[in-house]
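These notes concern the structure reproduced below.
Lettering of chains follows the sequences in order, A, B, ..., and the numbering in each one begins at 1. Heavy-atom basis, side chains included; hydrogens, waters and symmetry copies ignored. Quantities reported herein were computed from a predicted structural model and do not represent experimental measurements.
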2 protein chains.
Amino acid sequence: MKSALDTMEPIERVTLGDRVHEELCDLLMAGKLFPGDKLSLRNVAATMGVSMMPVREAVTRLVAEEALTVAPNRAVSVPVMTLTRLRELTLIRSEIEGFAVAQAALHRTDKELMRMRSLDEQFRAAVKSDSPNAEKSLKLNKDLHFAVYNAARLPLLSGIIQGLWLKVGPVINLDLRSSSERLRSGDAEQCHARLVAAIEAHEPDKARAALTDDILSSSQFIQSTGILPD
Amino acid sequence: MKSALDTMEPIERVTLGDRVHEELCDLLMAGKLFPGDKLSLRNVAATMGVSMMPVREAVTRLVAEEALTVAPNRAVSVPVMTLTRLRELTLIRSEIEGFAVAQAALHRTDKELMRMRSLDEQFRAAVKSDSPNAEKSLKLNKDLHFAVYNAARLPLLSGIIQGLWLKVGPVINLDLRSSSERLRSGDAEQCHARLVAAIEAHEPDKARAALTDDILSSSQFIQSTGILPD
DNA sequence: ATCCGTGATCTGTGATCACGAAATAGGTTG
DNA sequence: CAACCTATTTCGTGATCACAGATCACGGAT
């Protein structure tokens with residue numbers, strides 16, 4: 001028998017631990033958690049209205065992804081970003097995310113391209129807006145980047161990149177709250193334009209170059225603030 | 001005051017969850033767990049002589065690393081490897097591990113080079129031995145690879161690669177149990193030799209090429225067995 | 001012989017308790 | 001006022017319990 005039932009898909013079951021994990025991920029990527037901040041399982045559980053158990057699970061996962069660290073004192077905290085760590089992260093991101101956009105340039109569909117253009121436009125509008133709203137801009141920037149990464153059609157790679165963003169998230173904040181991010185957003189806009197254009201033209205090398213410039217200029221801006229130890 | 005105390009490092013505290021995690025990692029990388037195998041938290045806990053709690057933590061971490069999957073039925077199992085998944089993994093591994101060996105070729109120390117040569121020699125001896133002992137060969141192969149990766153001095157990258165090996169581990173077994181791996185070990189030996197030579201000569205491109213060949217020939221051997229679905 | 005409902009059993013998830021260790025506060029002593 | 005000691009609180013870890021949903025085996029109906 002064929003019916004409307006055939007269009008059903010297996011429902012994804014989401015546990016409380018998943019919800020807490022997602023919530024903490026958002027906080028990290030949005031830079032709402034500062035490097036060095038300490039987390040208490042009981043406090044997080046209380047503020048989220050759940051038992052300690054789901055929080056334990058979420059934190060365990062984040063520690064596994066190195067988005068959180070547990071000190072020898074067994075205290076969990078947001079990892080402090082050092083200069084060498086940021087440089088390492090920048091190098092790795094350039095290589096891996098550069099590879100992703102190169103693949104995206106080869107395999108993108110027109111539909112995916114349209115979505116990139118839409119997000120690019122929204123981002124450009126957001127940063128040029130009179131009301132800065134850095135949080136919104138940051139989210140649009142993230143959505144645009146991952147729209148490109150997902151176009152590579154390598155879900156494992158997208159997952160790896162997500163892990164990298166979790167690690168750099170907290171310092172994005174540092175730069176953002178110093179709020180002279182505006183200086184660099186001209187760079188970001190230009191890089192995004194070059195990136196989308198290269199992907200449209202199926203030119204992997206140019207796409208990679210554009211993205212590398214984006215990552216590098218952002219990293220160098222943070223380094224130039226001199227707030228990082230080491 | 002300066003004394004011998006200055007040479008002390010913070011002792012790493014290892015929890016039961018860590019121990020179980022490590023144990024399961026070994027099982028996965030050694031290919032002792034087959035794709036599709038189901039794990040029961042209570043059973044694992046019983047066989048390891050601990051409570052269910054540390055096992056939960058270890059499994060949670062492994063699921064986060066996608067080394068294990070939890071079905072919508074909430075049943076945890078070793079992910080089944082499909083053809084497209086293996087191809088994706090191969091592509092990503094070539095890029096990321098290739099980058100790692102290129103960096104290693106640039107930054108390796110003489111000490112690290114010596115260790116690579118030692119492991120390479122041991123590996124060659126192990127595969128040519130009259131008593132095959134595939135398990136030992138596999139471990140030496142792993143140690144050699146990671147000796148190179150670690151020489152890149154990018155610990156985050158080593159961690160990412162470790163995650164990739166956790167995902168491919170279970171199929172290594174498939175090929176190993178079919179045990180005609182022997183056919184390919186000639187390839188492996190040659191690739192290793194080229195790899196180590198390139199790293200010794202500080203030639204990143206050649207190192208990357210050698211490693212890519214190693215990964216590719218291994219992957220194609222597994223694909224040629226035709227045991228993978230999809 | 002095949003299908004389907006029903007019971008017992010086992011599963012992961014979440015909550016709660018227990019314990020030792022670490023952090024903190026408060027008071028005392030130099 | 002600073003340094004030390006102690007008592008209280010808070011922390012993560014591990015064990016145990018409770019529960020809903022899934023699996024499996026058995027038995028009756030078609």
State plainly whether the residues B/K32 and B/D37 are in salt-bridge range, i.e. N to O under 4.0 Å. no
Chain A on DNA chain D: first and last contacting nucleotide, 5' to 3', under 4.0 Å to a heavy atom? D/dC11 to D/dA22
Can you pull out every side-chain hydrogen bond (donor to acceptor under 3.5 Å, both in side chains) where at least one residue sits in residues 92-103 of chain A? Sequence neighbours excluded, please. A/R93-A/E97, A/E95-B/R208, A/E97-A/Y149, A/E97-A/W165, A/Q103-A/H107
Partners passing side chain to side chain contact (heavy atoms under 4.5 Å, CB included) against [X] (at least two apart in sequence or in another chain):
{"X": "A/D120", "result": "A/R124, A/L144, A/H192, A/V196"}
{"X": "A/R13", "result": "B/R74"}
{"X": "B/R56", "result": "A/M53, B/L41, B/M52, B/M53"}
{"X": "B/R19", "result": "B/V14, B/E22, B/E23"}

Without placing hydrogens or testing angles, list every side-chain donor-acceptor pair under 3.5 Å for residues 152-162 of chain A, not counting sequence neighbours.
unit_1, atom_1, unit_2, atom_2, d
A/R153, NH2, A/E112, OE2, 2.9
A/S158, OG, A/N150, OD1, 2.9

What residues 54-62 of chain A contributes to the DNA chain C interface at heavy-atom separation below 4.0 Å is A/P54, A/E57
Which residues in residues 42-53 of chain A have a heavy atom closer than 4.0 Å to any atom of DNA chain C? A/R42, A/S51, A/M53
Judged by nearest nucleotide, the residue sitting upstream toward the 5' end of DNA chain D, A/R13 or A/L39, is A/L39
Under the rule for ring-ring contact (aromatic ring centres under 6.0 Å, His included), what residues qualify as partners of A/F99, not counting sequence neighbours? none
Show me the side-chain donor-acceptor pairs of residues 62-73 of chain A shorter than 3.5 Å, one per line, residues at least two apart or across chains.
unit_1, atom_1, unit_2, atom_2, d
A/T69, OG1, A/S77, O, 3.3

Can you tell me the distance, in whole Å, between the CG atom of B/N73 and the C1' atom of C/dT13? 15 Å
Residues pairing under salt bridge (Lys or Arg N to Asp or Glu O under 4.0 Å) where one sits in residues 38-47 of chain A, two or more places apart or in two chains, turn out to be none
